Structures are given as structure tokens and as C-alpha cells.
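A short worksheet on the structure shown next.
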Amino acid sequence: SQMGPIIHLLGEQTPDDLLQLYFSAARGELGQNDTELGHQCVYNLPGIALTLGPKRWPELRPCFEHLANDINWKTRRTLALALPEIAKAMGPQITAADLMPVYASLSRDLDEVKTAALDQLAAIVGCLDPENREDKDLLALIVDVSLEPDSWRFRWILAKQLSALFASLPSSTFEFDLVPVLCRLLRDPIAAVRSAAASQMGEIAQFFCKEAEEVDEGQRLVAMLEETLDDLSAEPMCQSRLTFCKAAMSLVNENVFGVFERSCARNLVTLASDDVRNVRCAVAETLAAAAQAGDDWSSIDAIERAIDYLKQDGDPEVQRFIMVEDV
């Protein structure tokens with residue numbers, strides 16, 4: 001278990017015999033009945049990859065491939081978690097050619113392994129060259145996970161990485177791939193998934209606004225985002241209106257003033273009189289945060305009117321959210 005740290009410490013001065021011993025262990029040539037040996041080897045793999053570098057990848061690749069097919073799911077799970085660090089050590093070309101096929105396999109593995117692989121999705125995408133980030137199989141994986149029928153946790157893991165994926169993937173994938181995934185997860189039947197997607201809206205909107213300053217396509221993306229917010233606020237199911245409020249709060253947290261002013265302020269005024277108490281509480285919490293976000297935010301007329309209205313609400317829970325100091 002100490003072989004990896006020793007090799008990393010010795011670096012280029014590592015004796016070849018010691019490296020060959022690690023290679024033999026990682027290839028399963030030692031202790032065939034020891035199911036934990038592979039787990040120990042894969043735990044040390046990122047450090048050894050960093051020590052050897054891309055030039056010696058041909059020596060390390062057989063070990064990597066053997067560990068990716070290890071009978072012990074804990075070994076495969078640890079490898080999935082380690083992939084981004086291995087990718088950083090090996091560079092984008094080796095990542096695209098040798099690591100991504102293994103990543104695709106691990107993302108279809110047992111749930112324990114698949115969870116670890118999906119947790120690293122945005123990180124592994126960030127290790128690819130830009131021209132390899134529009135891979136059809138990669139985009140298909142993202143779409144498939146957003147449609148995952150058997151486990152909501154996979155959709156939740158994806159939802160938490162949406163802003164990072166928008167930042168990493170090329171803009172050509174946004175309109176027909178990533179934005180539909182975002183809209184789908186915002187309307188997911190599971191509250192945790194909807195909440196995770198809504199929490200990403202501020203960073204996504206911020207990214208789109210920067211795009212809008214540079215290319216016309218960015219303006220269209222901002223318009224699509226604002227339309228999505230409008231639709232959520234007007235849907236008959238209270239879950240969607242709650243998701244809208246959480247998305248609006250995310251805009252406040254990330255200081256995305258323009259999108260909030262155009263697509264959230266007036267809708268929050270309307271929802272201040274919503275029949276559902278939880279929606280009014282969410283509106284009150286969002287408005288209280290906006291009122292304290294700065295002079296630009298507090299001067300929005302719609303915010304002032306909605307806060308004044310909610311201060312007259314007879315529900316104590318609504319009052320608890322809106323009666324904030326200086327609001």
C-alpha cells in the first residue's frame with residue numbers, strides 16, 4: 001500500500017525493479033486470490049501516473065486496463081474517482097484515446113461504480129481538448145442520465161454539475177443538448193433534482209450573459225433562459241413555481257441583475273399572492289435576499305411592491321421570511 005507514495009517520492013530515480021513490482025501487482029500477476037490488491041494499486045495510480053508522465057503511458061496502460069476490469073467493484077469505483085487526476089497527468093490526447101472509453105464503461109457499471117463515474121463527469125470533460133468535447137457519445141451519456149428512469153440520484157448528480165458542463169462544453173452543444181437537459185431537470189419529479197438544477201441557474205445565466213456580450217448566439221441563449229423562468233413561474237403545479245423561486249434566488253446569489261429584473265421581479269410580484277403557502281414563503285425569502293443584495297436590487301419597484309404586499313400576509317411562516325432587518 002506504500003508502494004505508490006514511495007515511487008512518487010523517488011520520481012525519476014525510482015528503481016526499475018520497484019516499478020515492475022507495481023506493474024505486476026496492478027496487472028493481477030501477484031496474489032491472484034487477494035481481491036484487495038487491485039484496490040490498493042488503483043488508489044496509488046494517480047501518483048504513479050504523475051511520476052511517470054505521458055511518455056511512459058504505454059507501460060502503465062496495461063495496468064490501467066486491468067484495474068478497469070477488476071472483479072472487485074471497489075477497485076473500479078476508486079478508478080472512476082481517480083480518472084480526472086490520471087487525465088491531468090497524462091494529457092488530453094491520452095485522455096481522449098484511452099481514458100474516455102474506460103470512463104464510458106464505468107458510467108454503465110454497477111450503481112456504486114456509476115455514481116462515482118458520474119460524480120467526475122464535468123472534471124473529466126475539462127481534461128479533454130476542446131475539439132473532443134463535442135463527442136456524440138459523451139453528449140448521449142448526458143442526455144441519457146437526464147432521462148434515467150431507475151435512479152433519481154444519477155439525475156441529481158448530473159444536475160449539480162450543469163454549470164460546470166456549460167462552462168466546459170462548446171456552445172454548439174447548448175441549444176439542442178444542454179439547455180433541454182436543464183429544462184428537463186428543472187421539472188424533474190424529484191424535489192432534490194429540481195432544487196439542484198435551480199441552484200445552477202445563477203452561474204449558467206452569468207455564463208450566458210458573458211456569451212451575449214461577444215456573440216449573437218449568447219443573446220439567444222439568455223432569451224431561452226428567461227423564457228424558461230417565465231414558464232416555470234406560470235405553471236399550474238406548485239412544484240414548478242417553487243423551482244422558479246429557487247432559480248431566482250440563485251440569480252440573486254450570483255448577482256445576475258439583468259436576468260432577474262427582466263424575468264423574475266414581475267413574476268415574484270404575481271406569486272406573492274399565490275394560493276400555496278410554501279410558494280409565498282419562497283417568494284418572501286427570495287425578495288428579502290434581493291432587497292439586501294445592493295442598491296440596484298432594492299430599487300426595483302416590483303420588489304418593493306411585493307415586499308409591502310407580503311408584509312400584510314397573515315401567515316406567520318411568510319412573516320418569518322419577509323420580516324428581515326432593513327427589508
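The analysis underlying the following values was restricted to heavy atoms, covering all of them including side chains, and did not include hydrogens, waters or symmetry mates. Not measured: the values here are computed from a predicted model. Counting from 1, the numbers follow the sequence of the chain as shown.
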Does Trp297, at its CH2 atom, have more than 12 non-hydrogen atoms belonging to other residues, nucleotides or ligands within less than 6.0 Å?
yes
Quick check against the 3.5 Å criterion: does Asn69 have a side-chain atom that pairs as donor or acceptor with the backbone of Glu65?
yes
Around atom CZ of Arg153, are there more than 12 heavy atoms of other residues, nucleotides or ligands at under 6.0 Å?
no
Validation row: Ile86, Leu79 side chains within 4.5 angstrom (heavy atoms):
yes
Arg187 side-chain N/O to Ser240 backbone N/O, donor-acceptor pair under 3.5 Å
no
Of all heavy-atom pairs between Ala122 and Ser168, which one has the smallest distance, and what is that distance?
O-OG, 4.3 Å
Contact check, side chains of Phe321 and Val283, non-hydrogen atoms, under 4.5 Å
no
Nearest heavy-atom pair of Leu67 and Thr75: which atoms, and what distance?
O-CG2, 3.8 Å
Sidechain-backbone polar pair: Asn44 side chain, Gln40 backbone, donor-acceptor under 3.5 Å:
yes
Check whether any side-chain heavy atom of Tyr103 sits under 4.5 Å from a side-chain heavy atom of Leu141, and report yes or no.
yes
With rounding to the nearest 0.5 angstrom, report the CD1 to CD1 distance, Ile300 to Ile303.
4.0 Å
Can you tell me if Glu134 and Ser172 form a side-chain donor-acceptor pair at under 3.5 Å?
yes
Could you tell me whether a side-chain N or O of Arg133 sits under 3.5 Å from a main-chain N or O of Leu169, the two making a donor and an acceptor?
no
Verify, without hydrogens or angle tests, whether Glu211 (side chain) and Phe207 (backbone) share a donor-acceptor contact under 3.5 angstrom.
no
Looking at Arg262 and Asp230, is any side-chain nitrogen of the basic one under 4.0 Å from a carboxylate oxygen of the acidic one?
no
Would you name the heavy atoms of Leu229 and Phe244 that are closest together and state the gap between them?
O-CD1, 3.3 Å
Give me the atom names and distance for the closest heavy-atom approach of Arg76 to Ala68.
CD-O, 3.4 Å
Check ion pair Arg277-Glu317 (N to O, under 4.0 angstrom):
no
Result for salt bridge (Lys or Arg N to Asp or Glu O under 4.0 Å) between Glu148 and one of Lys114, Arg155, Arg108 points to Lys114
Do His39 and Tyr43 have side chains that get closer than 4.5 Å, going by heavy atoms?
no
If I compare all heavy atoms of Met249 with all of Ala289, which pair ends up nearest, and what's the gap?
SD-CB, 3.7 Å
Membership question, hydrophobic clusters at under 4.5 Å side-chain separation (ILVMFWY): are Val269 and Leu251 in the same one?
no
Between Asp129 and Glu131 (side chain of the first, backbone of the second, donor and acceptor by atom type, cut-off under 3.5 Å), is there such a pair?
no
For Leu182, is there any backbone N or O sitting under 3.5 Å from a side-chain donor or acceptor partner on Gln200?
no
Under 3.5 Å: donor-acceptor pair, side chain of Gln206, backbone of Glu254:
yes
Between Arg280 and Ser273 (side chain of the first, backbone of the second, donor and acceptor by atom type, cut-off under 3.5 Å), is there such a pair?
no
What heavy-atom pair brings Leu271 and Ser233 nearest, and what distance separates the two atoms?
CD2-O, 3.7 Å
So, does Gln319 use its side chain to make a donor-acceptor pair with the main chain of Lys311 at under 3.5 Å?
yes
Ile322 side chain reached by Asp313 side chain, heavy atoms, under 4.5 Å:
no
